[in-house]
Amino acid sequence: MAIERTFSIIKPDAVGRDLVGKILAHIEGAGLKILATRMVRLSEGQAKEFYAVHKERPFYGDLVNYMTSGPVVVSCLEGEGAVAKYREIMGATNPAEAAEGTIRKLYAENIEANAVHGSDSLENAKNEIAFFFEDNDICAR
Ligand code: IDP
Ligand code: MG
C-alpha cells in the first residue's frame, strides 16, 4: 500500500474533556505520523462548508452548532494506507457500534459528539488538508 496523507479533527467534545493528548498518542501509536497540527475554532461558515455533503440531513444544523461550540484540533497525518487506517482506528460513527479499542469506543460520547473526524477517501483527504493547511509547506504539497 502507498504512503498517504489524511486529515483529522479532534472534535469539541474531546477537546473539552482534555483528551487531545490521549487521542494524538493513540494516532501515533497506530503508526500514523503527525505532519502538522493546530487548535482552531471553526466559524459557522467553515463548519457548514466542511459538512456541506450532509446539508439535507436532519442533523446538519445541530452538527454545525456542535462543531462550532468550542475549539478543535486539526491535524495532517501520514502513513501506509493512512486514509483507511485512520478510519479503522477511529471506529464506527456511532460509538455504541464502534469496535473495542477504537478512539470512538474509548472516548466518544454519542453519535454526534463522537470525538474525531477522519477523511473517508484520498480525494476528500486532499481537499480537507487543503482547506486547513493550505499555507503549510509540509502538508500542502
Ligand atoms: P463519519 O464522521 O463517521 O464519517 P458521517 O456519516 O460522515 O460520519 O457524519 C458526519 C458527522 O455527523 C458524524 O461524525 C457525527 O458527528 C454526525 N452525525 C452523523 N450521523 C448522525 C446522526 O444520526 N445524528 C447526529 N449526528 C450525526
Ligand atoms: Mg464522513
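In listed order, ligands and their atoms are each counted from 1.
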S.K.: List ligand 1 atoms under 4.0 Å from R104, heavy atoms only on the residue side.
M.R.: 1 (P), 2 (O), 3 (O), 14 (O)

S.K.: Taking the six-membered ring for Trp, are F50 and F131 parallel (under 30°), tilted (30 to 60°) or perpendicular (over 60°)?
M.R.: tilted

S.K.: Can Y51 be said to touch ligand 1, with heavy atoms closer than 4.0 Å?
M.R.: yes

S.K.: Which atoms of ligand 1 are found less than 4.0 Å from any heavy atom of N114?
M.R.: 13 (C), 14 (O), 15 (C), 16 (O)

S.K.: Tell me the closest heavy-atom pair linking S8 and I27, and the distance in Å.
M.R.: OG-CD1, 4.2 Å

S.K.: Does ligand 1 have any atom that is closer than 4.0 Å to a heavy atom of I111?
M.R.: yes

S.K.: Please state whether the rings of F7 and F132 are parallel, tilted or perpendicular, taking 30° and 60° as the class boundaries.
M.R.: parallel

S.K.: For H117, state whether at least one heavy atom is located under 4.0 Å from any atom of ligand 1.
M.R.: no

S.K.: Is the backbone of T68 close enough, under 3.5 Å, to the side chain of R41 for a donor and an acceptor to pair up by distance?
M.R.: yes

S.K.: Would you mind running through ligand 1 and noting each atom that sits below 4.0 Å from a heavy atom of E112?
M.R.: 15 (C), 16 (O), 25 (C), 26 (N)

S.K.: I need the nearest protein heavy-atom contact for atom 22 (C) of ligand 1: residue, atom name and distance, please.
M.R.: F59 CD2, 3.5 Å

S.K.: Has E44 got more than 12 heavy atoms of other residues, nucleotides or ligands less than 6.0 Å from its CD?
M.R.: no

S.K.: Can you pull out the closest protein heavy atom to atom 9 (O) of ligand 1? Residue, atom name and distance to 0.1 Å, please.
M.R.: H54 NE2, 3.4 Å

S.K.: What's the shortest distance from atom 1 (P) of ligand 1 to any protein heavy atom, and which residue and atom give it?
M.R.: T93 OG1, 3.6 Å

S.K.: Restricting to non-hydrogen atoms, name the atom on G81 and the atom on E4 that form the minimum distance, rounded to 0.1 Å.
M.R.: C-OE1, 3.3 Å

S.K.: Quick check on R57 - does any of its heavy atoms sit under 4.0 Å from an atom of ligand 1?
M.R.: no

S.K.: Determine, considering heavy atoms only, which of L63, N124, V53 sits nearest to atom 11 (C) of ligand 1.
M.R.: L63

S.K.: Is it true that R87 lies under 4.0 Å from ligand 1, counting heavy atoms only?
M.R.: yes

S.K.: Taking NZ in K22 as the centre, count heavy atoms belonging to other residues, nucleotides or ligands within less than 6.0 Å. Is the count above 12?
M.R.: no

S.K.: What heavy-atom pair brings N114 and A108 nearest, and what distance separates the two atoms?
M.R.: CA-CB, 3.4 Å

